[in-house]
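All chains are named by letter (A, B, ...) in the order of the sequence lines, taking the proteins before the strands, and each is independently numbered beginning at 1.
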Number of protein chains: 2
Amino acid sequence: MAPKATAATKPAPATDVTRLRMALARLGRRLRQEGTAIDDVTPSQVSAMASLDQLGAATLGELAAAERIQPPSMTRIVARLEEGGFVSRTVDQTDRRCVRVELTPAGSEFLTRSRTRRDAYLTDRVADLSPDEQALLADALPILEQLLGEER
Amino acid sequence: MAPKATAATKPAPATDVTRLRMALARLGRRLRQEGTAIDDVTPSQVSAMASLDQLGAATLGELAAAERIQPPSMTRIVARLEEGGFVSRTVDQTDRRCVRVELTPAGSEFLTRSRTRRDAYLTDRVADLSPDEQALLADALPILEQLLGEER
DNA sequence: CCTTGCTAATTATCCTGGCTAAGGAATGGC
DNA sequence: GCCATTCCTTAGCCAGGATAATTAGCAAGG
C-alpha cells in the first residue's frame with residue numbers, strides 16, 4: 001500500500017515512530033544479549049537452527065536467504081554447527097552441487113532448551129507488568145508480527 | 001512466573017512470550033539491517049551518538065555503560081567518531097583520568113538526518129497498518145519502553 | 001612526601017560475523 | 001564435448017564484541 005498519507009493519521013507522528021524504532025532496536029539487542037553464550041552457541045547459530053527448524057531442511061543457500069546473510073557466512077556458521085553435532089550436512093544426490101542441511105536430534109533438543117532459556121528474561125519482564133499492560137501487549141503482538149511483513 | 005492462569009492472566013502464556021520474543025528479536029534485527037551503512041557510520045556508532053545526545057555529555061565509561069559494552073570497545077568507537085568529526089574528546093580538568101565526550105554540531109546534525117532516514121523503513125511499515133492497528137501500537141509503545149526497564 | 005591502592009582509559013590480542021572476490025565442482029543447454 | 005550457470009567454499013577484509021594487561025591520575029595514610 002502506497003503512502004496513503006491521509007497524513008492526519010495522528011497515530012504515528014515521526015516522534016512515535018522514532019520512539020518505537022528505538023524501543024524495538026533496544027529490546028532486540030537486549031534479547032540478543034540475554035540469549036547469548038548458552039553453551040558456546042552463538043546467537044547467529046541459534047538463529048540459523050531456528051530457521052532450519054521452521055524450514056525442516058534446506059540447502060545452504062536457502063538457509064542463507066532465510067537468515068538474510070550471504071552464503072559464505074552461512075557456510076561458516078553451518079560448519080561450526082556441524083562440528084557441534086547440531087546439524088548434519090549431506091550432499092544432495094539429485095543435484096550434487098547442493099548441500100542439504102538438517103537439524104540433528106541434538107540440535108532439535110538444544111533448540112528447545114534454548115528457547116525456554118531465552119524466554120526467561122522476557123517472561124520476567126512481562127511478569128512485572130500489570131494485567132492491563134500485559135493484555136495490551138498481547139493485543140499488540142499480532143501487529144508487531146505484521147510489521148515484520150510477509151518476508152519470511 | 002507460574003502459570004497462575006486466573007482468568008485475567010491469560011495474556012502471556014509461554015507461547016505468547018515466545019512469539020513476542022521472536023517478533024522483537026526479528027524486528028530489532030531488521031531495523032539494524034535497514035539502518036546500516038549510512039555514510040560509513042556503523043550502527044554502533046550511531047547508537048553511541050544517540051546515547052550521547054541523551055546524556056548531553058559523558059565520560060567514556062558512562063557511555064560504555066549506557067551502551068552496555070565494555071570500555072575498550074567504546075574507546076574504539078569513540079576514536080572513529082572523533083576521526084569523523086562527530087564527537088569531541090576532552091580530558092576532564094577536574095579529574096584528568098576522565099575523558100569527556102561530546103557531540104559536535106556535525107554529530108548532532110548527522111544524528112538528526114540519520115534518525116529520519118532510519119525511521120523511514122518503520123514509517124513505511126506502520127503506514128501499511130490500519131488506523132486501529134496504529135492506535136494499538138501507539139498504546140503499546142509505552143509498555144515496550146517499560147519492558148526495557150529502568151536500566152537506562 | 002611518598003607509597004599504596006583505586007579508578008579511568010588505553011593498548012594488545014582474540015573470536016565472531018558480516019562482507020566481497022575468486023575458485024572449484026556439478027549441472028544443463030546447445 | 002563445451003560453455004555458461006549455479007551452488008558452495010576458500011581467502012581475506014573490517015567492525016564489534018570480549019578479556020587481560022598497561023598507563024596515568026587521584027586520594028589517603030604512614
Send over the distance from [X] [atom1] to [N] [atom2], rounded to a whole Å.
X       : N      : atom1 : atom2 : result
A:Glu82 : D:dC8  : CD    : P     : 14 Å
A:Ile77 : D:dT10 : CD1   : P     : 15 Å
A:Gln45 : C:dC15 : CD    : C1'   : 12 Å

Query - Side chain proximity check, B:Arg100 to B:Thr59, heavy atoms < 4.5 angstrom - result: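 Sidechains of B:Thr59 and B:Arg100: in contact.
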**Report entry** DNA chain C: 5'-proximal contact among A:Asp92 and B:Pro71 (nearest heavy atom)
**Finding:**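 Going by which nucleotide is closer to the 5' end, it is B:Pro71.
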Any salt bridge between [X] and [Y], counting N to O under 4.0 Å?
X       : Y        : value
A:Arg26 : B:Glu67  : no
B:Asp53 : B:Arg115 : yes
A:Arg19 : A:Asp16  : yes

Query raised in the report: Within less than 4.0 Å of OP1 or OP2 of C:dA8, is there a side-chain N or O belonging to B:Arg100?
Result: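 No, B:Arg100 has no side-chain N/O under 4.0 Å of OP1/OP2 on C:dA8.
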Query raised in the report: Is A:Thr42 near enough to C:dT16 that one of its side-chain N or O atoms lies under 4.0 angstrom from OP1 or OP2?
Result: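 So the side chain of A:Thr42 is outside the cut-off, no N or O lying under 4.0 Å from OP1 or OP2 of C:dT16.
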Query raised in the report: Contact class for A:Arg80 (heavy atom, under 4.0 Å): base, sugar-phosphate, or nothing?
Result: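 The answer is sugar-phosphate, as A:Arg80 gets under 4.0 Å only of primed atoms, P, OP1 or OP2.
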Query raised in the report: What is the nucleic acid contact for B:Thr75, judged by heavy atoms within less than 4.0 Å: base, sugar-phosphate only, or nothing?
Result: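 Since a base atom lies under 4.0 Å of B:Thr75, the category is base.
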Requested in this report: Kindly say whether, by distance alone, the side chain of A:Arg97 makes a donor-acceptor pair under 3.5 Å with the base of C:dT27?
Outcome: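 Flag unset: no donor-acceptor pair detected.
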